Amino acid sequence: MTATSTIELRDMILPTDIGTYGPDEPVPDHHLLDLTLSVAPARVLIPNDEMDHVFDYDPLIAAVQTLAKTGHRETQEWLITQIAQLCATFDDIQGVDICLRKFPVAHASGTLGVRLTLQQDDLTALRHPQ
């Protein structure tokens, strides 16, 4: 059996401004971020209760919130790309699944999202662009 481990963030409302909408189009109330980080099992299955053994996700969350506030974007895809690049700056992250959803989509209901999943090789390519 091969151990795997993830850190999961769900339904974080991002303070962001995405899209351009016409007068009769629904404007999203908010954008929700789901983020699943793959980390080494040794960062979760730890020998004792000390922060030195775990991946400290607080700086990543703060950086994502700061990034989300940095002005208008036309697309959810661009913010996801920027979040992926941000995740690549953390060496402990071995893989990432990013899902960004907007609410509402129509008639005050529904979410519409975009998902990007990157494996370790993908993150390595982001860390070392050619």
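Predicted, not measured: the structure shown is a model, and the values here were computed from it. What you see below is based on every heavy atom in this structure, not just the backbone, and it leaves out hydrogens, waters and symmetry mates.
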Can you see which heavy atom on Ala3 is nearest to which on Pro41, and at what distance?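 Smallest heavy-atom distance, with atoms named: O-CG, 3.3 Å.
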Without placing hydrogens or testing angles, list every side-chain donor-acceptor pair under 3.5 Å for residues 21-34, not counting sequence neighbours.
from  : atom 1 : to     : atom 2 : distance (Å)
Tyr21 : OH     : Ile18  : O      : 3.3
Glu25 : OE1    : Gly22  : N      : 2.4
Asp34 : OD1    : Asp11  : N      : 2.8
Asp34 : OD1    : Arg101 : NH2    : 3.3
Asp34 : OD2    : Arg101 : NH2    : 3.3

Could you give all pairs that pass the salt bridge (charged side-chain N to carboxylate O under 4.0 Å, His left out) test and reach [range], with sequence neighbours left out?
range	result
residues 105-123	Asp97-Arg115
residues 64-88	none
residues 83-94	Arg43-Asp92, Asp91-Arg127

Pairs in or reaching into residues 110-130: which pass ring pair (Phe, Tyr, Trp, His ring centres under 6.0 Å), with residues at least two apart or in two chains?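 Sorted result for residues 110-130: empty, none.
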Give the C-alpha distance, both sets of side-chain angles, the deciding distance and a yes or no for side-chain contact (heavy atoms from CB on, under 4.5 Å) between Ile93 and Ser38. CA-CA 6 Å; Ile93 298 176; Ser38 297; over 6 Å; no
Show your working on side-chain contact (heavy atoms from CB on, under 4.5 Å) between Thr75 and Val114 and close with a plain yes or no. CA-CA 10 Å; Thr75 65; Val114 178; over 6 Å; no
Do Leu9 and Ile7 belong to the same hydrophobic cluster, where Ile, Leu, Val, Met, Phe, Trp and Tyr are linked whenever their side-chain heavy atoms lie under 4.5 Å apart, directly or via other members?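 Yes, one cluster joins them.
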Starting from Leu116, can I reach Met12 by hopping between I/L/V/M/F/W/Y residues whose side chains sit under 4.5 Å apart?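 As far as the 4.5 Å side-chain criterion goes, Leu116 and Met12 are connected within one cluster.
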Take atom NE2 of His72 as the centre, draw a 6.0 Å sphere, and report whether it contains more than 12 heavy atoms from other residues, nucleotides or ligands.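 Atom NE2 in His72 is packed in, count exceeds 12.
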Mind checking the [atom1]-[atom2] spacing from [X] to [Y]? Nearest 0.5 Å is all I need.
X	Y	atom1	atom2	value
Gln82	Ile98	CD	CD1	11.0 Å
Leu35	Cys99	CG	SG	10.5 Å
Leu100	Ile83	CG	CD1	6.0 Å

For the pair Leu67 and Val64, evaluate side-chain contact (heavy atoms from CB on, under 4.5 Å) and give the outcome as yes or no after the intermediate values. CA-CA 5 Å; Leu67 174 66; Val64 166; 5.6 Å; no
Can you name the side chain to side chain contact (heavy atoms under 4.5 Å, CB included) partners of [X], sequence neighbours left out?
X	result
Thr89	Leu86
Ala68	Leu14, Pro15, Thr16
Leu112	Lys102, Val105

Considering only Ile, Leu, Val, Met, Phe, Trp and Tyr, and joining two whenever side-chain heavy atoms are under 4.5 Å apart, list the other residues clustered with Leu45.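 Same cluster as Leu45: nobody, lone residue.
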Atom pairs and distances, donor-acceptor, side-chain atoms in residues 53-61, under 3.5 Å, two or more places apart:
from  : atom 1 : to    : atom 2 : distance (Å)
His53 : NE2    : Asn48 : OD1    : 2.9
Asp56 : OD1    : Asp58 : N      : 3.2

Is the closest side-chain heavy-atom distance between Thr36 and Thr117 below 4.5 Å?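 No. Closest side-chain heavy atoms not under 4.5 Å.
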Please list, chain by chain and in numerical order, all residues satisfying side chain to side chain donor-acceptor pair (under 3.5 Å) with Thr6, sequence neighbours excluded.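 For Thr6, the residues satisfying side chain to side chain donor-acceptor pair (under 3.5 Å) (neighbours in sequence not counted) are Glu8.
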